[in-house]
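Because the structure is a prediction, the values reported are computed rather than measured. Counting starts at 1 for both ligands and their atoms, following the listed order.
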Amino acid sequence: MTTNILVIPGDGIGPEIVSQAVRVIEHLRDAASLDVNLEYADLGGAAYDKTGHSLPDSTLSMAKACDAILFGAAGGPKWDNLPRSERPETALLRLRRELDLFANLRPAILFPSLASSSSLKDEIVAGLNILIIRELTGGIYFGEPRGVETLDSGRRRGINTLIYHDDEVIRIAHVAFNIARQRGNRVCSIDKANVLETTEFWREVVTEVGTEYPDVELTHMLVDNAAMQLVRDPKQFDVIVTTNMFGDILSDISAMLTGSIGMLPSASLDNNQKGLYEPVHGTAPDIAGEDKANPMAMILSLAMLLRYTMKEDNLADLVEQSVESVIERGLRTPDIYFAGAEEVGTERMGTEVLSELKQRLN
Ligand code: IPM
Ligand code: MG
């Protein structure tokens with residue numbers, strides 16, 4: 001069965017890194033008979049400039065119809081002052097929600113030869129391999145009521161609501177326990193149960209689901225302590241599962257542990273293997289169009305697409321090994337450059353990954 005992939009390049013460095021991932025998938029299609037069909041759509045600033053909407057209806061319906069989305073990045077200073085409803089970030093949030101992409105997987109894996117790029121000491125991060133699973137379609141990001149209002153007294157106030165239903169917590173907990181079984185068998189659920197009732201409830205529900213997975217070790221940690229532990233001793237974690245906003249914050253911390261956010265992929269999944277695959281980093285408008293962006297996070301996001309939507313674990317492994325091997329050989333885009341390495345651009349990095357992949361497919 002053909003897998004329909006919707007490619008959304010987006011803004012900033014999005015288009016140039018997406019092209020490198022497209023080269024890889026097209027090669028797999030032509031040389032390894034991977035049954036995929038690629039379609040293209042706009043979202044974010046690029047879409048707004050063309051159509052007046054950051055999430056055009058046509059993009060939304062194509063996104064609903066496809067099997068997986070390969071997405072670059074959206075946003076940039078040019079669109080920061082648009083009304084909130086038309087901002088590129090809102091388009092992305094809507095897409096996550098409309099497609100019910102509730103499970104956001106953000107691995108933080110440290111390639112051995114990048115240990116010195118981390119802001120932490122080598123021995124603290126060497127061999128790091130943790131996975132943050134962030135609930136992505138609920139919590140304070142979407143809770144109602146929300147907004148800013150003026151009271152009769154003239155006093156103004158801003159409101160957001162942290163709300164979780166049991167079914168939302170149950171399904172993300174199942175994702176975490178199932179993935180933990182394929183890794184280190186440990187889940188740490190992160191909350192603020194000592195202050196917030198909603199997250200005390202979260203802890204209770206995760207614990208209940210955990211009884212169905214007696215073989216997986218479940219621990220709980222308060223989010224402030226978790227932020228500290230992530231920089232003190234990150235290797236103590238295997239799978240972390242947490243709420244939308246805590247996951248947003250903690251995944252940026254874990255990204256930095258690996259030295260470069262330019263290396264980190266992510267997957268946002270629904271319950272039927274459909275996924276949106278995008279790098280953790282943003283649009284980097286300062287270097288857009290200059291062939292300086294690191295395409296590895298995008299290519300590794302494609303590897304996640306192969307693994308989670310297409311169940312092509314073998315090909316996913318080959319793509320990941322190809323990326324690792326290019327890094328081991330010392331090739332570096334500016335974001336991970338160090339003295340003595342060979343500095344290369346976006347396009348060249350893609351070419352090298354392709355040539356590693358070709359050798360492995362033979
Ligand atoms: C992320 C981003 C988004 C989020 C923004 C761009 C809306 O920070 O994917 O982590 O907060 O979810
Ligand atoms: Mg974020």
Exercise. Hey, which atoms in ligand 1 end up nearer than 4.0 Å to a heavy atom of R134?
Worked result: 1 (C), 4 (C), 9 (O), 10 (O), 11 (O), 12 (O)

Exercise. Is R186 positioned over the aromatic face of F237, cation under 6.0 angstrom from the ring centre and no more than 45 degrees off axis?
Worked result: no

Exercise. Can you check whether E135 reaches T242 side chain to side chain, under 4.5 Å on heavy atoms?
Worked result: no

Exercise. Out of E343, E16, E342, which residue meets the salt bridge (Lys or Arg N to Asp or Glu O under 4.0 Å) rule with R348?
Worked result: E342

Seminar exercise, completed: In terms of heavy-atom contacts, P279 and A297 come closest through CB-CB, 3.6 Å

Exercise. Which atoms of ligand 1 have any heavy atom of R106 under 4.0 Å away?
Worked result: 1 (C), 9 (O), 10 (O)

For this session: Classify the contact between R96 and ligand 1 as side chain, backbone, both or neither, using a heavy-atom distance cut-off of under 4.0 Å.
Result: side chain

Seminar exercise, completed: Check: of N244, L93, D248, I249, min heavy-atom distance to atom 8 (O) of ligand 1 comes from D248

Problem set entry | Protein residue, atom and distance nearest to atom 4 (C) of ligand 1, heavy-atom basis | Y141 OH, 3.4 Å

Exercise. Do D11 and W79 come close enough that some side-chain heavy atom pair is under 4.5 Å?
Worked result: yes

Exercise. Just checking, R134 and Y141: is the charged tip under 6.0 Å from the six-membered ring centre and within 45° of the axis?
Worked result: yes

For this session: Flag D248 as yes if one of its N/O/S atoms falls below 2.8 Å of the Mg ion (ligand 2), otherwise no.
Result: yes

Exercise. Based purely on interatomic distance, does E89 place a nitrogen or oxygen under 3.5 Å from a nitrogen or oxygen of ligand 1?
Worked result: no

